[in-house]
Amino acid sequence: MEDAISAASSPGTTFLAGGTNLVDLMKLGVAQPTALVDVRTLALDFVDELPSGGLRIGATTRNSDLATHLLVRERYPALAQALLSGASAQVRNVATLAGNLLQRTRCPYFQDISKPCNKRRPGSGCPAVEGEHRGLAIFGHSPACVATHPSDMAVALAAFEARVETRGARGTRSFPISELYRLPEEHPDRDTTLEPGELIVAAELDPVAPGTRSVYRKARERASFAFALVSVAAVAAVSDGVVEDCRIALGGVAHGPWRALRAEDALRGQAAVSDNFARAADAELAAARPLRDNGFKVELARGLISRTLQEVCL
């Protein structure tokens with residue numbers, strides 16, 4: 001592993017595992033690495049139960065293996081649902097946990113090298129702001145970039161408050177998945193907080209408390225092989241009709257998984273009833289900043305949040 005990290009620290013070098021996103025970007029001319037470091041043979045394909053009852057998931061674990069793992073299905077069903085809602089069975093058989101987390105945006109301007117794009121070529125502009133942005137961000141965007149992150153799995157992991165473990169030139173570190181992704185601000189070319197040559201090693205999930213339920217739901221333009229217009233992962237514990245705890249994350253609306261903290265605060269300690277689910281959704285969406293052509297995402301998110309909360313809380 002140390003040799004791989006050292007090799008990937010060279011400028012223009014990147015890691016390769018499943019390659020389901022990287023190879024596509026190379027074919028489009030968007031990604032042009034000078035060298036690839038194959039990490040498929042590293043011992044990072046595992047799903048281990050921790051003494052606490054949580055899980056530690058290796059970076060090269062295949063999405064299909066993770067989605068069908070018995071402990072994932074029993075304890076973290078929203079994670080299994082998110083994985084199964086993404087891509088196709090063939091892609092899931094190749095794609096890995098780390099690669100899924102590090103997907104690049106599917107913004108059409110990013111993928112078209114004939115167009116300017118601040119994420120691909122800093123300082124060239126963001127034509128999506130005034131151009132085609134129907135599927136792009138309503139939270140956390142900036143004048144420099146309005147792209148969204150495409151991962152379903154990352155949204156579920158955010159709702160479960162997963163931690164990401166990495167190893168790099170400065171050693172090992174562990175941090176909440178919410179700290180992995182950067183908002184675009186003035187420098188959208190950096191998607192994450194990873195340093196050059198820093199390798200994702202694993203993701204770790206805390207044990208779920210008894211009575212906790214979770215659900216992942218996704219709205220998209222077709223039934224399969226489509227990225228989310230809006231998705232919701234909700235994790236909740238209800239006792240005597242009162243929401244004791246809840247965690248909500250949204251996908252398809254921001255530069256990374258969007259933790260709906262306002263909605264959580266509005267719902268926690270309240271009765272598990274439809275009116276309160278709607279109020280929680282409204283509390284979060286009051287901060288949305290839709291663009292000219294994607295205001296429909298606000299209403300779509302409002303309905304999807306409410307319906308998902310009904311499913312997980314009632």
Side-chain angles (χ1 to χ4, degrees), residues 17-18 42-86 92 95-103 149 151-167 172-181 192-194 198-218 228 231-238 243-251 256-261 264 268 308-309 311-313:
L42 299 180
L44 297 175
D45 182 2
F46 57 81
V47 181
D48 292 340
E49 184 177 13
L50 300 173
S52 65
L55 293 182
R56 187 167 184 265
I57 306 162
T60 62
T61 303
R62 305 299 176 186
N63 287 1
S64 55
D65 294 335
L66 185 58
T68 57
H69 194 283
L70 180 60
L71 293 180
V72 174
R73 293 171 60 190
E74 288 182 345
R75 301 178 187 178
Y76 309 93
L79 176 56
Q81 292 162 1
L83 286 161
L84 292 172
S85 74
R92 292 194 295 269
T96 63
L97 177 135
N100 190 302
L101 294 181
L102 298 179
Q103 290 181 79
H149 193 266
S151 174
D152 295 290
M153 180 180 68
V155 179
L157 289 177
F160 284 116
E161 297 185 326
R163 296 187 65 82
V164 176
E165 180 185 330
T166 66
R167 191 174 301 177
T172 299
R173 64 183 181 125
S174 177
F175 50 89
I177 192 172
S178 59
E179 296 178 11
L180 174 62
Y181 300 101
T192 73
T193 58
L194 297 181
E198 190 171 12
L199 176 69
I200 292 180
V201 174
E204 190 167 310
L205 291 165
D206 288 336
V208 291
T212 298
R213 298 174 62 192
S214 69
V215 170
Y216 180 80
R217 291 294 175 259
K218 176 179 180 177
S231 64
V232 180
V235 181
V238 177
V243 180
E244 292 189 336
D245 190 27
C246 65
R247 282 161 282 158
I248 305 165
L250 308 179
W258 184 264
R259 185 71 181 272
L261 298 175
E264 294 174 9
R268 199 172 286 117
T308 305
L309 288 172
E311 190 171 352
V312 77
C313 292

Indicate whether any N or O donor in one side chain lies under 3.5 Å from an N or O acceptor in the other, for Thr60 and Asp45. no

Under the salt bridge (charged side-chain N to carboxylate O under 4.0 Å, His left out) rule, what pairs show up with a residue in residues 152-163, not counting sequence neighbours? Asp152-Lys218, Glu161-Arg247, Glu161-Arg259

Backbone of Ala80 reached by a side-chain donor or acceptor of His69 within 3.5 Å: no

Let me see the working for Ile177 and Leu101 under side-chain contact (heavy atoms from CB on, under 4.5 Å), right down to the final yes or no. CA-CA 9 Å; Ile177 192 172; Leu101 294 181; 4.0 Å; yes

Just how far is it from atom CG of Leu50 to atom CG of Leu55, taken to the nearest 0.5 Å? 6.5 Å

Could you pull out the closest heavy-atom pair between Val243 and Cys246, with the gap in Å? CG1-CB, 4.0 Å

Show me the pairs that pass salt bridge (charged side-chain N to carboxylate O under 4.0 Å, His left out) and involve residues 60-78, at least two apart or across chains. Glu49-Arg75

Do you know the tightest heavy-atom contact between Leu84 and Arg92? O-NH1, 3.3 Å

Kindly say whether Leu83 contributes a backbone atom to a donor-acceptor pair with the side chain of Tyr216 at under 3.5 angstrom? no

Do Ser214 and Tyr76 pair up side chain to side chain, a donor and an acceptor below 3.5 Å, judged on atom types alone? no

Search all heavy atoms of Phe175 against all heavy atoms of Leu194 and return the closest pair with its distance. CZ-CD2, 4.3 Å

Determine yes or no for a side-chain-to-main-chain donor-acceptor pair under 3.5 angstrom, with Thr61 supplying the side chain and Leu97 the backbone. no

Which atom pair, heavy atoms only, marks the closest approach of Ala162 to Leu205? CB-CD2, 3.7 Å

Show, in sequence, the C-alpha distance, side-chain angles and deciding distance for Asn63 and Asn100, and conclude whether the side-chain contact (heavy atoms from CB on, under 4.5 Å) test is met. CA-CA 8 Å; Asn63 287 1; Asn100 190 302; 3.1 Å; yes

To the nearest 0.5 Å, what is the distance between OG1 on Thr192 and CD on Glu179? 12.5 Å

CA sep, side-chain torsions, deciding dist, call: Asp245, Thr212, side-chain contact (heavy atoms from CB on, under 4.5 Å): CA-CA 9 Å; Asp245 190 27; Thr212 298; over 6 Å; no

Spacing of Glu198 atom CD and Thr166 atom OG1 [to the nearest 0.5 Å]: 3.5 Å

Approximate separation, where rounding is to 0.5 Å, of Arg167 CZ and Leu42 CG: 9.5 Å

If you compare all heavy atoms of Arg268 against all heavy atoms of Glu244, which two are closest, and at what distance to 0.1 Å? CG-O, 3.5 Å

How far apart are the closest heavy atoms of Ala159 and Ala249, and which atoms are they? N-CB, 3.9 Å

Does Arg213 use its side chain to pair, donor to acceptor, with the backbone of Glu311 at less than 3.5 Å? yes

Looking at side-chain heavy atoms only, is the closest gap between Leu44 and Thr96 below 4.5 Å? no

Do the side chains of Leu309 and Ile248 get nearer than 4.5 Å, heavy atoms only? yes

